[in-house]
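Everything below concerns the one structure shown next.
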Amino acid sequence: MSVTAPAGFIAAGVIAGLKKSGGLDLALVQNLGPLQNAATVFTSNRCKANPVLWSEQVMSDGRVSAIVLNSGGANCYTGKIGFQTTHATAEAVATALEVSAGDVLVCSTGLIGEQLDLGKLTAGVQEATAALATDAAASADAGLAAAQAIMTTDTRPKLSSHRSPTGWTIGGMAKGAGMLAPGLATMLVVITTDAILSSPQLDVALRAATRVTFDRLDSDGCMSTNDTVSLLASGASGIDADLTEFTDALTALCTDLTLQLQADAEGAAHDVAITVQNAGSEDEAVRVARAVSRSNLFKAAIYGNDPNWGRVLAAVGTVDPADAAFDPYGIDVAINGVQVCTAGEPDQPRELVDLTPRAVSVVIDLHEGSAAATLWTNDLTHDYVEENSAYSS
């Protein structure tokens, strides 16, 4: 199960007719309480979709009763009409569930610049409300349907859950396959827990988790306008969670979802983990890793099974000295366990590197300090180009 794994949450996924494919395209998640505490992290893109603008207002008091999510349209750059559509969707949920519209988060994903059909949305909300299930077996199926309803170019739903030894549970669902780059990657993520935690505690835990998981997924360097990662607490377990234990579990769950997103990235043939070690600081390690992850030359080489470590160093060298300290002629590089470069010079023959497996590991040693960080990316393929050259057709 995903978002329905913790006690106090029910969900549904229905066909509202928003997708050309005719598939599931509207999801609803309700928090039955007794708590309705929440925290949310949004895209850092200055160009934000109407659902993000609405949901930022909802989060002002840290209280959320429900989340409605649609695929089939981003509702971004759709003007006043688009914002009114978001508001009306929240009102429809509020009326159906007898809650306040100001406690309803709205999320959308799909093509930018197209108006959503409000009639289909409100009818979908009614159908989703009727489909909300409370018994365990039906609730599990409903959680899966909700995860399927938020998919766009995803090929499979992303689900994860964890039960603490002390008795509380976390569950989550995510979507994302393209435009995967911080902040948060192109994703909609809903995470639920039945632990007793305040909204400020949830915010601390969520920001700590996203910093080292979703924010380090940089598949194609393109940032979305709709990214939303929400964490809701029902308190239905009756158990006060230790914040450190909860944050660790949440981080593990977010890592699981992050790697599922990476593995389903549009057109990808390789999943690449770039680890920078012995950096002056963790932030410096991230900056160096991100420079490599955004090198099209490096990504194309990986797609071609070419262990061209020179492209790694060339990308590292683009990092401004003010952003990361290192001796450009003192760097080591290993690819899939083969030390191909030591102190800026050739080491083991590149022919020893086997890039036929999907998983690729690149380790960059800066010899500058003791900090390290890992960032996840993918290769650049023909399929990615084809997927994104006809996205709106």
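The structure displayed is predicted, hence computed values, not measured ones.
- In this structure, I364 CD1 and T275 OG1 are separated by 8.5 Å, a value rounded to the nearest 0.5 Å.
- Between C107 and N226, every side-chain heavy-atom pair lies at or beyond the 4.5 Å cut-off.
- When all heavy atoms of A96 and Q126 are compared, the closest pair comes out as CB-NE2, 4.1 Å.
- If you check the side chains of W376 and T374, you find no donor sitting under 3.5 Å from an acceptor.
- The same ILVMFWY cluster, assembled from side-chain heavy atoms under 4.5 Å apart, contains both L121 and V58.
- Nearest approach of L116 to S108, heavy atoms of both residues: CD1-OG, 4.1 Å.
- Under the 3.5 Å distance criterion, the side-chain polar atoms of E284 are left unmatched by any main-chain donor or acceptor of D323.
- Side-chain N or O atoms of N37 include none that pairs as donor or acceptor with a backbone N or O of S234 at under 3.5 Å.
- Within the 4.5 Å cutoff, the side chain of F214 has heavy atoms near those of the V189 side chain.
- A continuous path of Ile, Leu, Val, Met, Phe, Trp and Tyr side chains, each step under 4.5 Å between heavy atoms, connects V312 with V338, placing both in one hydrophobic cluster.
- Considering every non-hydrogen atom in both R156 and A263, the closest pair reads NH2-O, 3.2 Å.
- When atom types are taken as modelled, the side chain of N70 and the backbone of I150 share no donor-acceptor pair closer than 3.5 angstrom.
- Atom CG in N50 sits 5.0 Å away from atom OG1 in T86 (nearest 0.5 Å).
- Linking Ile, Leu, Val, Met, Phe, Trp and Tyr whenever their side-chain heavy atoms come within less than 4.5 Å puts L18 and V125 in one cluster.
- Judged by distance alone, the side chain of D25 and the main-chain N or O of A149 form no donor-acceptor pair under 3.5 Å.
- In this structure, the separation between OG on S230 and CG on L202 is 11.0 Å, given to the nearest 0.5 Å.
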Apply side-chain contact (heavy atoms from CB on, under 4.5 Å) to L253 and I170, showing your working. CA-CA 8 Å; L253 181 137; I170 308 178; 3.7 Å; yes
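- Clustering ILVMFWY residues whenever any of their side-chain heavy atoms sit less than 4.5 angstrom apart, transitively, puts L35 in a cluster other than the one holding F9.
- Checked for salt-bridge contact, E282 and R216 meet the test: a charged N lies under 4.0 Å from a carboxylate O.
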Applying side-chain contact (heavy atoms from CB on, under 4.5 Å) to V229 and T40, what does each step give before you reach the verdict? CA-CA 6 Å; V229 179; T40 300; 6.0 Å; no
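- Each of I15 and M173 belongs to its own hydrophobic cluster when Ile, Leu, Val, Met, Phe, Trp and Tyr are linked at side-chain heavy-atom distances under 4.5 angstrom.
- No side-chain N or O of S281 forms a donor-acceptor pair with one of D283 less than 3.5 Å apart.
- Across all non-hydrogen atoms, the minimal contact from L24 to A145 is CD1-O, 3.9 Å.
- The backbone N or O of V292 lies less than 3.5 Å from no partner atom in the side chain of S295, so there is not a single donor-acceptor pair.
- Using modelled atom types, no side-chain atom of N31 and backbone atom of A66 make a donor-acceptor pair closer than 3.5 Å.
- Between the N378 side chain and the D271 main chain, no donor and acceptor come within less than 3.5 Å of each other.
- Shortest non-hydrogen contact noted between A74 and P51 is O-CD, 4.0 Å.
- The environment of CD1 in I81 is sparse: at most 12 heavy-atom neighbours from other residues, nucleotides or ligands sit within 6.0 Å.
- Side chains of V104 and V64 form no contact here, defined as non-hydrogen atoms less than 4.5 Å apart.
- Taking the side chain as every heavy atom from C-beta outward, T213 and T251 approach each other to under 4.5 Å.
- Looking only at side-chain heavy atoms (C-beta outward), T4 and I10 stay at 4.5 Å or farther from each other.
- Between P157 and M151, the closest side-chain pair of non-hydrogen atoms falls below 4.5 Å.
- Tested against D218, the residues K299, R287, R290 include a single salt bridge (charged side-chain N to carboxylate O under 4.0 Å, His left out) partner, R290.
- Of the possible donor and acceptor atoms, one in the side chain of D194 sits under 3.5 Å from a partner among the backbone N and O of A7.
- Side-chain atoms of K175 and T109 form a donor-acceptor pair, as typed in the model, at a separation below 3.5 Å.
- Scanning both residues, H270 and P357, for their nearest heavy atoms gives CD2-O, 3.2 Å.
- Formation of a donor-acceptor pair under 3.5 Å by the T192 side chain with backbone atoms of P6 is not found in this model.
- Counting only distance, with no hydrogens or angles, the side chain of D117 and the backbone of K120 share a donor-acceptor pair below 3.5 Å.
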For a side-chain contact (heavy atoms from CB on, under 4.5 Å) check, start with the C-alpha distance between H367 and F326, then their side-chain angles and the critical distance, and finish with the verdict. CA-CA 7 Å; H367 294 288; F326 55 82; over 6 Å; no
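- Residues passing the ring-ring contact (aromatic ring centres under 6.0 Å, His included) test with H87 are W54, sequence neighbours excluded.
- Counting only N and O atoms by type, the side chains of Q260 and D256 include a donor and acceptor under 3.5 Å apart.
- Taking CZ of R163 as the start and OG1 of T169 as the end, the distance is 4.0 Å to the nearest 0.5 Å.
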For the pair V272 and S293, evaluate side-chain contact (heavy atoms from CB on, under 4.5 Å) and give the outcome as yes or no after the intermediate values. CA-CA 9 Å; V272 186; S293 76; over 6 Å; no
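- In this structure the side chain of C341 reaches within 4.5 angstrom of the side chain of L313, judged on heavy atoms.
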For residues 239-246, tabulate all N or O donor-acceptor pairs below 3.5 Å that involve a side-chain atom, not counting sequence neighbours.
from	atom 1	to	atom 2	distance (Å)
D242	OD2	T244	N	3.2
D242	OD2	E245	N	2.9
E245	OE2	S164	OG	2.8

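- One distance of note links CG of L69 with OG1 of T89; it measures 11.5 Å at 0.5 Å rounding.
- Counting heavy atoms from C-beta on, the side chains of T247 and Q201 never come closer than 4.5 Å.
- Atom CH2 in W309 sits 10.5 Å away from atom CG in D332 (nearest 0.5 Å).
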